[in-house]
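What follows is a set of notes on a single structure, which appears directly below.
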Protein chains: 2
Amino acid sequence: MARVRLTPERLTRAGAELADEVGFDQVTVSELARRFDVKVASLYSHLKNSHDLRTRIALLALEELADRAADALAGRAGKDALTALANVYRDYAREHPGRYAAAQFRLAPEVAACSAGVRHAQMTRALLRGYDLTEPDQTHAVRLLGSVFHGYVSLEMGGGFSHSAPDTQETWTRVLDALDALLRNWPPSP
Amino acid sequence: MARVRLTPERLTRAGAELADEVGFDQVTVSELARRFDVKVASLYSHLKNSHDLRTRIALLALEELADRAADALAGRAGKDALTALANVYRDYAREHPGRYAAAQFRLAPEVAACSAGVRHAQMTRALLRGYDLTEPDQTHAVRLLGSVFHGYVSLEMGGGFSHSAPDTQETWTRVLDALDALLRNWPPSP
DNA sequence: GCATCCACCTAATACCTTTAGGCAAATGCC
DNA sequence: GGCATTTGCCTAAAGGTATTAGGTGGATGC
């Protein structure tokens, strides 16, 4: 038998590609086995189960996304940084819809705590150093930015904006303008 | 045999309850049949297939959500309306997580066009009458609000905010303050 | 009281998931 | 280089979900 040298890493990468092709929730252990021209049961020496596979793909996506974000933020500040970070999420989702969906996969809390998810929060916080916010408003702003990035990208990819008139690129830049303005004039607590 | 009088409507309602209990993507034709104490194949006279079931649940959720939104918006304007609408989404997601997930189900474009989804956009637009925005900024603002509502609720439900310090209720009110401020001082086009 | 129809059933096919146990290629040791 | 062990992939099997085809009996209408 031709040994294929399966490893969790190779399976995870192939799973991520599969996700981009057919959608994250269509990722199946069977299809993965088919791609490696191997019997399904063989994968279970490398993967605990189907859920484990999804978790690994999710972690991979979070890593990749965090790496891109770190790259984009390097040497930028203020609105420049805001735009760069926002575009990282949007572009990643467009290039890798399956991986992006994977990044939304709900991880077990203890797994999430060690994941690249924490880097994302840290980077958003770093971005806010270019604005004049102190705690707890900074945390509120981190959450707002996360919500807008994630919400916008999901809705855009889900076709939520597709019917209506102004193209989404224009909205995207205007939304970033608006967020920048908001962060510069963050309203004081009542 | 005790006839159960299945109908698409009853199945859809039961499916929605099932979604709230076990999660939207765990909703299965088999489980639904079990709940009605009926054989699986029997459901296929009332439902085209599994995808059809999900679509119906999604449409139900969108309707319910739109009804609640219309109710909340009645007689309100400005920030009052903004808060009310935002809370409709958040509360619905908390009360009915499965249905809320269903509302995000990607519908076929022609189905989406006839769905309550369009009412949602209209209501957000109506809300903006309390602020001083003209086209195309109004559309941009509609999309921004949709993104924030959806993004915030998803992240909060997905546990994205769970580890960190200030509680999410405080952030939520501050985010709504911030959105209100932003809509009152929408930045002009460059 | 009979014919009809509809609602639910049985049967069968086809995937996907997961576990248990087998065999042979690769690896390590002398 | 030959032998033992490990390990990587395989066969087999059980159980769950989706979906289609065709049957039967209880409810309905005349």
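Throughout, protein chains are lettered first and strands after them, A, B, ... in sequence-line order, and every chain is numbered starting at 1.
Taking atom CG of residue B:L43 and atom C1' of nucleotide C:dC9, one finds them 12 Å apart after rounding to whole Å. Distance OH (A:Y44) to P (C:dT18): 4 Å, rounded to an integer number of Å. Rounded to whole Å, the distance from NZ on A:K39 to C1' on C:dC16 is 15 Å. Atom CG in A:L6 sits about 15 Å away from atom P in D:dT7, given to the nearest Å. Computed from coordinates, the B:R10 CZ to C:dA7 P distance equals 13 Å when rounded to whole Å. As rounded to whole Å, 11 Å separates atom P of C:dT19 from atom CG of A:D52. Rounding to whole angstrom units, NE2 of residue A:H46 and P of D:dT6 are separated by 18 Å. Rounded to whole Å, atom C1' of D:dG8 lies 15 Å from atom CG of A:D37.
For D:dA18, the OP1/OP2 oxygens have no side-chain nitrogen or oxygen of B:H51 closer than 4.0 Å. Considering only side-chain N and O atoms, B:R34 lies under 4.0 angstrom from the phosphate OP1 or OP2 of D:dT17. Considering only side-chain N and O atoms, B:S42 lies under 4.0 angstrom from the phosphate OP1 or OP2 of C:dC9.
In summary, the aromatic rings of A:H96 and A:Y100 are positioned with their centroids too far apart to meet the 6.0 Å limit.
With salt bridges taken as basic N to acidic carboxylate O contacts below 4.0 Å, one links A:R125 and A:E135.
The closest donor-acceptor contact from the side chain of B:R90 to the backbone of B:A86 lies at 3.5 Å or more, if one exists at all. Not one N or O on the side chain of A:R129 forms a donor-acceptor pair closer than 3.5 Å with the backbone of A:A77.
Environment of CG in A:D132: sparse, with no more than 12 heavy atoms of neighbouring residues, nucleotides or ligands closer than 6.0 Å.
Residues of residues 23-32 of chain A that place a heavy atom closer than 4.0 Å to DNA chain C, in numerical order, are A:T28, A:V29, A:S30.
Residue A:S50 has its side chain nearest to C:dT17 when only C:dT17, D:dA12, D:dT20 are considered. Side-chain atoms of B:V38 lie closest to C:dC8 of the nucleotides D:dC10, C:dC8, D:dA21. Nearest nucleotide to the side chain of A:V40, out of C:dC8, C:dT10, C:dT17: C:dT17.
Put simply, B:L60 and B:V22 are part of two different groups of oily side chains (I, L, V, M, F, W, Y) that touch within less than 4.5 Å, one to the next.
Under the salt bridge (charged side-chain N to carboxylate O under 4.0 Å, His left out) criterion, A:E21 pairs with A:R35, sequence neighbours left out.
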